[in-house]
Amino acid sequence: MKKAGGAEKKRVRRSSGAIQNGGRDSNSDTPPRKQAIQKDVFQLFAEKVRDHKDLVSRWAVLQETRVEYFRGKDFVRFLRNHPELKDILESDRNLEAEDIADVLLRKNLLVRCDRVVKTLRPGKKKLSTWPAHLEIFPDQVFSENDAFFAWTFVKRRPLWQTLLSFFWPVVTLAICLFPVYPHRCKLLILYSCLGVLLLFLSLLVLRGAIFGALYIILGKRVWFFPNILAEEATLRELFRFWPQKDEEERPKWTTRVFYAAVGVLVILLLRHHAPDEAARARYQKRVSNIIDDVLEWSPRLALSGMMENLQPVVNATEASNATEEGVTPPDGMGAETIREQDEAEVSENLENTDENLDNSEENLDNSGEQKHDI
């Protein structure tokens with residue numbers, strides 16, 4: 001009876017396992033482990049869309065965090081121009097752009113945002129196309145009308161950024177070891193840094209001159225390299241050459257004339273107070289001395305100079321101790337230093353005596369003149 005009962009239990013277990021396997025095979029073609037490993041198709045779709053260069057996006061600050069965002073109408077236009085990306089969604093490839101965006105919102109791959117500044121600033125005709133500060137919109141539903149959507153997942157780091165993160169400590173250590181470099185390496189680094197600094201300053205001056213000339217003559221605000229001084233911008237946006245569209249009102253002619261007069265006055269003042277040739281020569285000599293000290297410094301010369309400066313001090317200390325104790329210092333050990341000190345004291349005493357004699361003669365002359373007057 002016990003054997004029969006055990007065989008029945010085994011049959012029941014096998015039958016239940018077969019039913020579970022059959023149900024699993026009928027519902028899905030892949031086992032549960034593979035389903036857990038398999039990535040969500042909408043996650044893959046979101047990563048592919050975000051990495052695509054045709055989707056126009058910008059960076060902004062959302063609750064003290066920098067996020068990458070795009071506009072709703074740009075997303076619809078992007079999927080209309082690139083329908084092949086929908087193949088990643090497999091069975092959901094026939095969904096419309098609005099439905100796909102709603103699914104991304106439900107999966108927390110996107111978050112709908114709104115601009116923080118909703119009023120026009122003085123002198124502007126319309127709100128900024130790409131606001132720099134965003135806030136979360138209450139209704140998380142897709143819309144094309146003045147709606148912004150920010151990516152919530154972390155973007156995959158490119159290979160060059162990973163390599164750069166490993167090279168940063170090496171670069172920092174190399175900067176700290178600059179004083180011990182050979183002379184030629186110091187010259188190369190110095191002239192390279194000066195060249196980059198001169199290029200940057202020249203670019204800023206030329207950019208400002210072009211802006212001022214076009215503003216005064218045509219009344220246009222044209223900034224080439226508009227993001228060169230931006231605090232929050234990607235590397236591609238930082239070196240963008242073409243200026244942004246001027247959305248502000250054209251300035252009045254009185255304002256332009258005023259700024260022109262101010263510019264001419266500043267140029268005349270700078271020219272009037274410019275340093276002369278002698279002052280420039282002195283400044284150049286001073287800077288050259290500082291640069292030469294930095295370039296010619298080396299640990300070997302520094303240690304040798306410290307030893308040379310330390311030796312006379314030690315000799316003078318030993319000689320003074322020997323004289324206080326009544327012991328005559330040996331030859332070559334502080335004798336020259338003591339002799340120099342004695343000569344200096346004698347010369348100082350003679351000078352003081354001459355000054356006292358001169359003062360006494362002047363006093364006698366003054367007293368004789370006073371008696372003569374009486």
Side-chain angles (χ1 to χ4, degrees), residues 27-28 30 35-121 124-158 226-227 230-237 240 242 244-245 247:
N27 294 331
S28 61
T30 57
Q35 285 183 352
I37 296 173
Q38 186 179 4
K39 207 169 186 179
D40 186 10
V41 292
F42 284 94
Q43 175 76 26
L44 296 174
F45 174 80
E47 293 177 356
K48 193 72 174 179
V49 171
R50 186 176 183 180
D51 293 336
H52 207 286
K53 61 180 181 180
D54 290 343
L55 180 61
V56 183
S57 62
R58 293 289 188 275
W59 288 85
V61 178
L62 175 64
Q63 295 180 351
E64 300 181 357
T65 304
R66 293 185 72 248
V67 294
E68 186 180 6
Y69 72 101
F70 57 88
R71 297 180 298 183
K73 57 182 180 181
D74 294 333
F75 182 77
V76 175
R77 188 184 305 111
F78 171 77
L79 290 183
R80 191 182 303 118
N81 296 331
H82 300 277
E84 67 277 2
L85 293 177
K86 293 183 179 181
D87 296 337
I88 303 175
L89 301 177
E90 297 176 355
S91 60
D92 297 325
R93 65 173 60 93
N94 295 324
L95 293 177
E96 297 295 332
E98 293 81 0
D99 299 332
I100 295 174
D102 288 333
V103 175
L104 295 177
L105 289 170
R106 288 197 300 269
K107 290 181 175 291
N108 293 327
L109 297 173
L110 285 178
V111 59
R112 183 176 176 180
C113 308
D114 194 10
R115 61 178 77 245
V116 175
V117 180
K118 301 179 178 64
T119 57
L120 289 174
R121 294 181 179 178
K124 286 194 173 183
K125 299 180 181 179
K126 59 180 181 178
L127 294 174
S128 177
T129 306
W130 298 97
H133 297 273
L134 300 173
E135 61 183 5
I136 297 178
F137 194 74
D139 298 332
Q140 294 295 314
V141 181
F142 183 79
S143 176
E144 297 185 38
N145 301 324
D146 198 24
F148 306 99
F149 300 89
W151 301 106
T152 57
F153 60 91
V154 180
K155 189 177 181 181
R156 291 185 301 173
R157 179 178 296 181
N227 300 323
E231 297 180 357
E232 298 176 355
T234 60
L235 191 63
R236 183 179 61 183
E237 295 176 354
R240 192 180 66 177
W242 293 109
Q244 297 177 352
K245 185 178 179 181
E247 299 178 354

What's the shortest heavy-atom distance between [X] and [Y], and which atoms?
X	Y	value
Ser143	Ala147	O-CB, 3.2 Å
Arg71	Thr129	NH1-CG2, 3.1 Å
Leu89	Val41	CD2-O, 4.0 Å

**Asked** Is the Phe137 to Phe148 ring centre distance short of 6.0 Å?
**Response**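 They do not qualify: ring centres at least 6.0 Å apart.
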
**Asked** What do you reckon, are the aromatic ring centroids of Tyr69 and Trp130 less than 6.0 Å apart?
**Response**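 Yes; Trp130 has its ring centre under 6.0 Å from that of Tyr69.
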
**Message:** Taking ring pair (Phe, Tyr, Trp, His ring centres under 6.0 Å) as the cut-off, I'd like each qualifying pair that reaches into residues 96-116, sequence neighbours left out, listed once.
**Reply:**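 Pairs touching residues 96-116 that pass the test: none.
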
**Asked** Roughly how far, to the nearest 0.5 Å, is the CD atom of Gln140 from the CZ atom of Arg106?
**Response** 12.5 Å

Minimum side-chain heavy-atom gap [X]-[Y] below 4.5 Å:
X	Y	answer
Phe70	Arg58	no
Ile136	Leu62	yes
Leu104	Phe42	yes
Leu127	Leu120	yes
Thr152	Leu110	no

**Item:** Lys118 NZ: over 12 foreign heavy atoms closer than 6.0 Å
**Value:**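 Yes, NZ of Lys118 has more than 12 neighbouring heavy atoms, counting only those of other groups under 6.0 Å.
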
**Asked** Can you list every pair that meets salt bridge (Lys or Arg N to Asp or Glu O under 4.0 Å) and has a residue in residues 75-84, with sequence neighbours left out?
**Response** Asp74-Arg77

**Request:** Using the test side-chain hydrogen bond (donor to acceptor under 3.5 Å, both in side chains), find all partners of Glu68 that sit at least two apart in sequence or belong to another chain.
**Result:**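 By the side-chain hydrogen bond (donor to acceptor under 3.5 Å, both in side chains) rule, Glu68 matches Arg50, Ser57.
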
**Request:** Kindly indicate, with the supporting measurements, whether the criterion side-chain contact (heavy atoms from CB on, under 4.5 Å) is fulfilled by Leu85 and Phe45.
**Result:** CA-CA 7 Å; Leu85 293 177; Phe45 174 80; 4.1 Å; yes

Contacts table for residues 92-100: side-chain donor-acceptor under 3.5 angstrom, sequence neighbours left out:
{"from": "Arg93", "atom 1": "NE", "to": "Glu90", "atom 2": "O", "distance (Å)": "3.3"}
{"from": "Arg93", "atom 1": "NH1", "to": "Glu90", "atom 2": "O", "distance (Å)": "3.2"}
{"from": "Arg93", "atom 1": "NH2", "to": "Glu90", "atom 2": "O", "distance (Å)": "3.4"}

**Request:** On the 0 to 90° scale, with breaks at 30° and 60°, tag the Trp151-Phe153 ring pair as parallel, tilted or perpendicular.
**Result:**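 Taking Phe153 first and then Trp151, their aromatic rings stand perpendicular (interplane angle over 60°).
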
**side-chain contact (heavy atoms from CB on, under 4.5 Å) between Val141 and Asp102, intermediate numbers included** = CA-CA 6 Å; Val141 181; Asp102 288 333; 4.2 Å; yes

**Asked** Under the salt bridge (charged side-chain N to carboxylate O under 4.0 Å, His left out) test, which residues partner Arg112, sequence neighbours left out?
**Response**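 Listed in chain order: nothing, the list is empty.
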
**Message:** Run the salt bridge (charged side-chain N to carboxylate O under 4.0 Å, His left out) test against Lys48 and tell me which residues pass, sequence neighbours left out.
**Reply:**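 By the salt bridge (charged side-chain N to carboxylate O under 4.0 Å, His left out) rule, Lys48 matches no residue at all.
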
**Request:** Answer yes or no: is there an ion pair linking Asp146 with Arg115, defined by an N-O contact shorter than 4.0 Å?
**Result:**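 The answer is yes: the pair qualifies as a salt bridge.
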
**Item:** Option among Phe75, Phe142, Phe78 that satisfies the ring-ring contact (aromatic ring centres under 6.0 Å, His included) test with Phe149
**Value:** Phe142

